[in-house]
Protein chains: 2
Amino acid sequence: MNIGEIAKRAGVSRSTVSYALSGKRAVSDHTREKIQRVIDELGYRPNASARALANGRTNTIGLVFPPAGDHYTGMQLDFIGSVVEAGATYDYDVLLSPSGVDSDRSFQRLLGERRVDGAILMEIRLQDDRVDHLLAENFPAVCIGRTARPEGDWWVGLDHTALAAACVHHLADLGHRRVALVNRPERLLRAGYESAHRGLEGFTKAAAERGLTVRTYTCGDDAPSGQACLERILYDDPATTALVTLNEAALGGLYRGLSHAGRHVPRDFSVTGVVAARWAETVTPQLTAADMPAAQMGRLAVELLVERLDHPDAPPRHHLLAPPISLRASTGPAGTGPAGSVAPTPPGSDLNA
Amino acid sequence: MNIGEIAKRAGVSRSTVSYALSGKRAVSDHTREKIQRVIDELGYRPNASARALANGRTNTIGLVFPPAGDHYTGMQLDFIGSVVEAGATYDYDVLLSPSGVDSDRSFQRLLGERRVDGAILMEIRLQDDRVDHLLAENFPAVCIGRTARPEGDWWVGLDHTALAAACVHHLADLGHRRVALVNRPERLLRAGYESAHRGLEGFTKAAAERGLTVRTYTCGDDAPSGQACLERILYDDPATTALVTLNEAALGGLYRGLSHAGRHVPRDFSVTGVVAARWAETVTPQLTAADMPAAQMGRLAVELLVERLDHPDAPPRHHLLAPPISLRASTGPAGTGPAGSVAPTPPGSDLNA
DNA sequence: TTGAAAGCGTTACCAT
DNA sequence: ATGGTAACGCTTTCAA
């Protein structure tokens with residue numbers, strides 16, 4: 001079942017069928033209806049590969065994110081979902097590419113073999129060879145996140161520096177003096193993950209401004225790591241009264257650790273951080289946090305990419321978002337610490353992924 | 001940059017280049033090396049559309065799941081992740097299709113336009129027009145889940161009936177007599193979602209066998225709905241001492257509702273259900289549950305699909321999984337109920353999505 | 001061991 | 001308003 005068959009049965013040429021379908025050339029009502037009847041009858045749909053080969057467009061966008069190893073985090077989920085749905089509204093399909101570096105087979109396939117018209121990259125590193133690669137080839141791409149030098153590129157980013165700082169100021173305003181930062185896994189920090197670095201920077205600077213005593217930790221992307229991390233925090237400094245987490249997946253574990261240590265949130269201990277709203281509302285008490293607007297970012301990235309694809313010479317555009325802190329129930333005034341503080345036990349050593 | 005260019009520079013024919021790449025015909029070492037040098041030098045990669053057009057294979061599989069509306073659940077995330085990674089090991093890319101019914105544009109594109117070699121379907125309904133459609137066309141597909149008549153089809157499923165029953169027996173063994181079921185949203189139940197129906201069936205039958213007093217609820221896929229649902233459960237029957245949830249996304253809200261009602265888990269109230277392990281470990285206390293082996297199911301689905309693609313006439317295969325209940329910390333012996341039971345207040349009315 | 005050429009199913013240019 | 005035909009870039013059969 002191909003366009004030739006349709007043409008034959010409708011008694012017209014193949015090009016007329018093509019034009020009737022694409023609307024790129026006027027076709028008389030009579031002819032179009034005749035063609036449409038045949039198409040409906042036979043259930044014809046043009047072959048995507050042939051079309052892509054002929055006109056050079058696949059109508060597919062690639063979504064590139066690092067292989068998760070064992071699992072993905074909630075925000076990644078939100079990003080993927082929003083990109084897929086936004087793409088669908090523009091009739092773009094989304095091809096997933098689990099690639100952390102530009103040498104990944106999947107990344108090579110996507111771009112080298114021209115499987116997609118453009119790409120959206122997630123989990124950007126400050127130095128990101130995938131981005132460099134794309135930039136060098138002038139391949140239509142939009143980053144969710146910024147490299148160290150984002151000028152001249154297309155991206156939608158979050159101001160992690162400002163967000164982490166806002167968390168610190170919020171806690172300082174509540175009177176907290178000893179605060180911990182729970183960052184993403186050591187491995188990601190070392191790899192240069194933007195959110196981990198900029199968040200750390202914002203935290204550190206704001207803490208210095210407010211004269212706080214701080215400690216910073218890396219933590220695996222899962223609940224058990226979060227629990228272990230919390231134990232270490234209290235072991236290192238039992239007088240800690242608050243924490244900021246950039247690590248969403250660890251949140252449940254952090255809460256559990258606090259509960260086991262007998263610290264009530266928010267009476268004895270305040271928790272805040274940068275987390276997608278949906279997950280902030282899952283825990284009890286609900287997390288006061290700078291809500292990462294994952295769905296909005298995914299949608300914006302698609303919009304930017306579509307614009308770039310439609311106007312290949314358009315100047316680079318970007319969006320830098322800095323959502324305010326949503327006050328929920330996990331932070332409160334610094335107290336005098338728990339009455340009967342439990343003697344800390346040395347925590348396990350597998351804090352990191 | 002195309003195969004002709006490579007051929008010219010290497011001083012061979014295009015077919016020789018093609019064969020050197022595919023290995024489908026012997027090529028002398030000398031020639032192959034010469035070609036490879038040129039390829040490396042120019043960074044050539046064959047165009048995927050042209051290749052797909054010529055040999056009829058896209059090396060892409062479609063992953064079909066309903067559009068989430070506002071968000072996806074954790075298990076969906078696990079499925080997507082595992083399918084993508086398993087696909088990558090076979091050098092298959094994954095194309096996402098947010099389609100709940102066979103008339104969705106994205107579904108039509110995927111299959112009708114032959115964008116993919118095969119498909120994996122999620123969120124199966126007992127009567128599923130997508131499955132019927134695929135079956136009728138003998139399109140290579142594998143379902144994650146089973147329709148009402150799964151014979152003759154390819155699938156990897158979970159024995160929701162047995163799992164829900166196991167939860168009931170577990171609670172009955174602990175002495176619970178009044179138990180609630182928290183199901184997926186009403187909308188999904190009405191649409192005929194397999195897990196919701198078979199889970200309900202298993203729950204109801206097992207409860208009857210054990211002579212339990214039960215109530216069943218539908219609940220939106222989010223924490224606030226879970227909280228509201230829990231309030232209604234205790235309002236309808238304050239003597240309820242345990243619940244089984246098929247709704248993972250509501251879990252955090254259920255816990256919060258219990259906490260607000262002053263019911264301690266597991267002392268005053270036991271919670272269990274069917275939930276992906278990763279999410280069962282996020283809550284405190286960790287959930288005793290039949291762990292939905294999402295990652296394994298995704299991997300199996302890919303393996304089945306690859307087999308079906310490699311052997312178009314192979315007889316249908318499937319896997320029915322029934323993981324045991326993982327004992328964690330959220331269930332315990334039925335007590336005599338809380339000492340000073342809080343007077344229930346009428347819950348809100350937006351229990352369902 | 002290699003080359004030539006005929007498809008694969010579209011699109012889009014050049015005619016009329 | 002429509003038809004004819006040359007691309008698009010690859011694979012694969014047929015010949016040598």
Side-chain angles (χ1 to χ4, degrees), chain A residues 1-39 42-60 91 93 108-117, chain B residues 1-36 38-39 42-60 91 93 108-117 309:
Chain A
M1 179 65 48
N2 57 35
I3 201 173
E5 186 73 12
I6 302 297
K8 192 189 304 174
R9 303 214 191 190
V12 298
S13 73
R14 296 185 305 166
S15 50
T16 299
V17 175
S18 177
Y19 286 119
L21 246 27
S22 72
K24 293 187 182 173
R25 185 166 90 175
V27 172
S28 75
D29 288 353
H30 175 69
T31 309
R32 190 187 15 262
E33 283 161 19
K34 202 168 49 183
I35 293 173
Q36 193 57 53
R37 240 190 321 276
V38 177
I39 286 179
L42 276 66
Y44 164 77
R45 307 221 85 208
N47 179 297
S49 300
R51 168 178 290 184
L53 179 58
N55 73 4
R57 299 200 50 162
T58 60
N59 262 277
T60 302
D91 279 347
D93 287 315
Q108 294 290 334
R109 270 204 303 271
L110 229 67
L111 310 175
E113 302 180 358
R114 311 224 81 91
R115 275 173 197 271
V116 299
D117 296 333
Chain B
M1 178 66 47
N2 59 33
I3 201 173
E5 186 73 12
I6 302 297
K8 193 188 305 173
R9 304 215 191 189
V12 298
S13 72
R14 297 186 307 166
S15 50
T16 300
V17 175
S18 177
Y19 285 120
L21 246 28
S22 70
K24 293 188 181 175
R25 187 166 89 174
V27 172
S28 75
D29 287 355
H30 175 68
T31 309
R32 191 190 9 265
E33 282 161 20
K34 201 168 49 183
I35 292 172
Q36 193 58 52
V38 177
I39 287 179
L42 275 66
Y44 164 76
R45 305 220 89 209
N47 178 295
S49 301
R51 168 178 290 187
L53 179 57
N55 72 7
R57 299 201 51 163
T58 61
N59 261 276
T60 302
D91 280 347
D93 287 315
Q108 295 289 334
R109 271 204 304 270
L110 230 66
L111 310 176
E113 302 180 358
R114 311 223 79 91
R115 273 173 199 271
V116 299
D117 296 332
L309 290 172

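Computed over heavy atoms, backbone and side chain alike; hydrogens, waters and symmetry mates excluded. A note on names: the letters A, B, ... follow the listed sequences, proteins ahead of strands, and every chain is numbered from 1.
At whole-Å resolution of the value, CG in A/Asn47 and C1' in C/dG9 are 6 Å apart. At whole-Å resolution of the value, CG in B/Asn55 and P in C/dG9 are 12 Å apart. Rounded to a whole Å, the CD atom of A/Glu5 is 13 Å from the P atom of C/dC8. Going from atom CZ of A/Arg51 over to atom C1' of C/dT10 covers 8 Å, rounded to whole Å. Atom C1' of nucleotide C/dA12 and atom CZ of A/Arg57 are separated by 16 Å, given to the nearest angstrom. At whole-Å resolution of the value, CZ in B/Arg115 and P in C/dG9 are 17 Å apart. For the pair B/Arg114 CZ and C/dT10 C1', the interatomic distance rounds to 16 Å; values are reported in whole Å.
Using modelled atom types, one finds a donor on one side chain and an acceptor on the other under 3.5 Å when comparing B/Asp117 with B/Thr58.
Using a 4.5 Å cut-off on side-chain heavy atoms (C-beta onward), A/Arg14 and A/Asn2 make no contact. A/Val12 has its side chain out of reach of A/Val27: every pair of non-hydrogen atoms, C-beta onward, lies at least 4.5 Å apart. Here the side chains of A/Ile35 and A/Tyr44 are not in contact, with every heavy-atom distance at 4.5 Å or above. Side-chain atoms of B/Asn59 and B/Asp93, non-hydrogen and from C-beta on, never get closer than 4.5 Å to each other.
Contacts of B/Asn47 classified as side chain to side chain contact (heavy atoms under 4.5 Å, CB included), with partners at least two apart in sequence or in another chain: A/Arg114, B/Ser49, B/Ala50. Scored by the salt bridge (Lys or Arg N to Asp or Glu O under 4.0 Å) test, B/Asp29 finds B/Arg32 as partners (sequence neighbours excluded). Every residue was checked against the side-chain hydrogen bond (donor to acceptor under 3.5 Å, both in side chains) condition with A/Ser18, not counting sequence neighbours, and none meets it.
Contact between the side-chain N/O atoms of A/Lys24 and the OP1/OP2 oxygens of C/dA12 is found at a separation under 4.0 Å.
Mapping heavy-atom proximity under 4.0 Å, the span of DNA chain D touched by chain B runs 5' to 3' from D/dG9 to D/dC14.
The overall bend of the helix from C/dT1-D/dA16 to C/dT16-D/dA1, read as the angle between its terminal helix axes built from five base pairs each, is 40° when rounded to 10 degrees.
Contact check on A/Glu33 versus A/Arg37 returns no salt bridge, with no Lys/Arg side-chain nitrogen under 4.0 Å from an Asp/Glu carboxylate oxygen.
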Contacts under 3.5 Å, N or O only, protein and nucleotides 2-4 of chain C:
| from | atom 1 | to | atom 2 | distance (Å) |
| --- | --- | --- | --- | --- |
| C/dT2 | OP1 | B/Ser28 | OG | 3.1 |
| C/dT2 | OP1 | B/Thr31 | OG1 | 2.3 |
| C/dT2 | OP2 | B/Ser28 | N | 2.9 |
| C/dT2 | O4 | B/Arg25 | NH1 | 2.9 |
| C/dG3 | OP2 | B/Ser13 | N | 2.8 |
| C/dG3 | OP2 | B/Ser13 | OG | 3.1 |
| C/dG3 | OP2 | B/Thr16 | OG1 | 2.7 |
| C/dG3 | N7 | B/Ser15 | OG | 3.4 |
| C/dG3 | N7 | B/Arg25 | NH2 | 3.2 |
| C/dG3 | O6 | B/Arg25 | NH1 | 2.5 |
| C/dA4 | N6 | B/Ser15 | OG | 3.3 |

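A pairwise comparison of heavy atoms in B/Lys34 and B/Ala10 identifies CE-O, 3.3 Å as the closest pair. The shortest heavy-atom contact between A/Arg109 and B/Arg45 is N-NH1, 3.4 Å.
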